[in-house]
Amino acid sequence: MDNTLIGQPEKPLLKRRKAKHAMKDVVYEIKKESRFRKTLIIAAISLIILVMAFFITLIIGSIPSFKALGIRFLYGKTWDPVNNIFGAYPFLLGTLITSFLALIISIPFSVSIALFLGEYYPKGWFSNLLKNAIELIAAIPSVIYGFWGLFVLVPIVRQMEMKTAVLPYGVGILTASLILSVMVIPYAASMGLEIVKMTPLKLKEAAYSLGAIRYEVIRTVIFPYAKSGLLAGILLSLGRALGETMAVTMVIGNSSRIPKNIFAPGNTMASVVANEFTEAAGSVYLSALIELGLVLFLVTAIINIAGKSIIKRFSKM
Amino acid sequence: MNSKQLKLKILIVVAILLSGISLLMLSCNGGSGSNSTKSGSNTSASSNNDDNTLLGAGSTFVYPLFSKLFYVYNQQAGIKINYQSIGSGGGILQLKNKTVDFGDSDAPLTDEQTKSMGADVLHIPMCSGAVVISYNIPGVTDTLKLTPDVIAGIYLGQITKWNDPKITSINPGVQLRAMLIAVAHRSDGSGTTNIFTDYLSKISSEWQSKVGKGTAVNWPVGLGGKGNEGVSGLIKQTPGGIGYIELAYAIQNKMLFAKIENKSGNYITPSIASTSAAGNVQLPADSKVSLTNTDAANGYPISGFTWALIYKEQDYNNRSEKRAENLLNLLWWNIHQGQQYCPGLYYAPLSPEATTVAENILRSATYNGRPILPGNNK
């Protein structure tokens, strides 16, 4: 099966080189080529298998919990390991609120950075410095963000809360969203930057020759052209925000109740799994945590698919 | 070209189906393998031919003590012990799968767990530890006194201010302002939480019915912090904070902690001595007892054992008799000579009563029906 699969395209090559090389060399090269191709195919297929295996493992692991709780798992508001009542709703809500809030906070910054570096200062020491800083933000381990959040951001938020009537916890949904927004900026910014740079020079020059000022060029030429790329970057950062665990766990307050406002403590699906997995004693408990992972997997997949179709629609316009 | 693409597609589909099937089979095997005692395929303790290397897994709470003990024991007896601190739940699971010689748990096995083990499991107390209540009230450096009622009230969300009459009446002379109480608890599943909620369940029927006890519970109020360091971070940072942490951690980090009224009506300062004293009571023969709210007059009320877990019948999975002997000798050493290393690491040594019970439990272990330790191995 492999031979017929691999052998076909080599035929013209074989004919061409027959005159130049001895038969031996050609056979050797063909073998090399086919080995290389096989390696690539194996690598590609094993990736598909891996994703499927993840999915199947999660499904199998969550069967006991699904049997015990059914669909209630999704909208149940109580997470009570003692009585084996597991509702993921507060965590689902926590994950979505923190991620989208982080996205909203980060968009002005990431779009500005993309325009600044792509259009205003594409070269020079300052733009290099800024680019390196953005890369660094993406490379810092998330536990460091957690520390920084705990020691710097939390006291600042607490000071704000002291002036209001709420309990001055400092940790909570808002703090987690702020940390997340810093963490996701590089993803949207660097992708947007590449697209902004790719705007055809002819279009820009045409706009300038018509008397447009820079702001107008950005608004009427670059922005429509780079829209889908900027959106794709934002989508990428949303995926990152949904799954972020460590930094969020450290500053979100880890409370299983439904948050009443953005200052209240909450919890996300990823941080619940990270927190409770090691000591989960009951079989339903363990399975409920795996099901939480499955829900996170699905939410991420749905948002990605939805995002891609949005990008498609935008780029057609 | 078309036929090639088709073949590639078929290849992919076949590969996915194969992976799915193999996974299903794997998981089915895993499910049934845990029930049958003879599954030769997995890497079990028996497959390790070196009987002088023992494997253990479980509680993170006891890890600092175990690493000290096992180091010393290795020097003295030449037996190597590889202990993985993966959490009590993980230790129990590994013992169930028979991949370790012993587990260690901060809570005795539940009924569900006992059933799933398939064979009798012995609980051998190793040492005990206390959980203290720490607080941060700006301007207050005195040691607070707390009663069971107050602690339950705070954690149920019924007492919300530090100047609540229930607190001020038992703490005359301490200046308590109308500050909100910020409650902190562990966010990760933990034996510390198990001891603390076990205590609350005993002293408050309302807690027992509303929340219950466990390594993680549905907290009515408060913030969660990860680990002792997470909770103490919340306490230190939040004005008006209160939380529960391990005694060792509180002493090492010089944190304030409260005196707590015990069953006999005495206010007890948590310490190694008062924790040991809590275990000096009539214990059941299997030692599976919670020490919280102890009857001992000078005992600190929030404390608990950590238990090593082994199978009562040591002849399983083709384990050698030598291996079983080594394991029992190690545990025997732990509850006798090993106890001298407890106080230095802020663990409470076993009380004389607890040592006697532990000795009897170890003597009940058998290899192929015969007792492993001699009757009077003193």
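These figures come from a predicted structure and were not determined experimentally. The figures that follow rest on heavy atoms only: side chains count, while hydrogens, waters and symmetry mates do not. A note on names: the letters A, B, ... follow the listed sequences, proteins ahead of strands, and every chain is numbered from 1.
The residue among B/P239, B/S105, B/A182, B/A216 with the most heavy atom pairs within less than 4.5 Å of chain A is B/A216. Contact tally against chain A (heavy-atom pairs below 4.5 Å) for B/A107, B/S59, B/P220: the top residue is B/P220.
Residues A/P265 and B/L223 come closest through the heavy atom pair CB-CD2, 3.3 Å. Contact between A/V82 and B/V217 at its shortest, heavy atoms only, is CG2-CG1, 3.3 Å. The shortest heavy-atom contact between A/R158 and B/Q237 is NH1-O, 2.9 Å.
Residue B/S88 touches chain A through both its backbone and its side chain, counting heavy-atom pairs closer than 4.5 Å. Interface residue A/Y285: only side-chain heavy atoms are found under 4.5 Å from chain B. With a threshold of 4.5 angstrom between heavy atoms, B/L109 does not approach chain A through any atom at all. With a threshold of 4.5 angstrom between heavy atoms, B/I92 does not approach chain A through any atom at all. Proximity to chain B (any heavy atom under 4.5 Å) is restricted, for A/A274, to the backbone atoms N, CA, C and O. Using a 4.5 Å cut-off between heavy atoms, A/V272 does not touch chain B at all. In this structure, no portion of A/S46 lies under 4.5 Å from any heavy atom of chain B. Only the side chain of A/M162 comes within contact range of chain B, judged by heavy atoms closer than 4.5 Å.
The number of heavy atoms from other shown groups lying within 6.0 Å of CG (A/L40) is above 12. Shown here is A/K308, whose NZ atom has no more than 12 heavy atoms of other residues, nucleotides or ligands within 6.0 Å. In A/N261, the CG atom is crowded: over 12 heavy atoms of neighbouring residues, nucleotides or ligands sit closer than 6.0 Å. Other residues, nucleotides and ligands place no more than 12 heavy atoms under 6.0 Å from the CZ atom of A/F277. A 6.0 Å sphere centred on CZ of A/F147 holds no more than 12 heavy atoms belonging to other residues, nucleotides or ligands. Summarising the local packing, NZ of B/K213 is surrounded by 12 or fewer heavy atoms from other residues, nucleotides or ligands at distances under 6.0 Å.
One finds the CH2 atom of B/W219 at 10.5 Å from the OG atom of A/S256 (value rounded to the nearest 0.5 Å). One distance of note links CD1 of A/I85 with CG of B/N218; it measures 8.5 Å at 0.5 Å rounding. For the atom pair A/Y169 OH and B/L180 CG, the distance stands at 8.5 Å (nearest 0.5 Å). The distance from the CG atom of A/N84 to the CD atom of B/E112 is 7.0 Å, given to the nearest 0.5 Å.
Within the 3.5 Å criterion, the main-chain N or O of B/G222 finds a donor-acceptor partner in the side chain of A/R257.
The shortest distance between side-chain heavy atoms of A/N254 and B/R186 does not fall below 4.5 Å.
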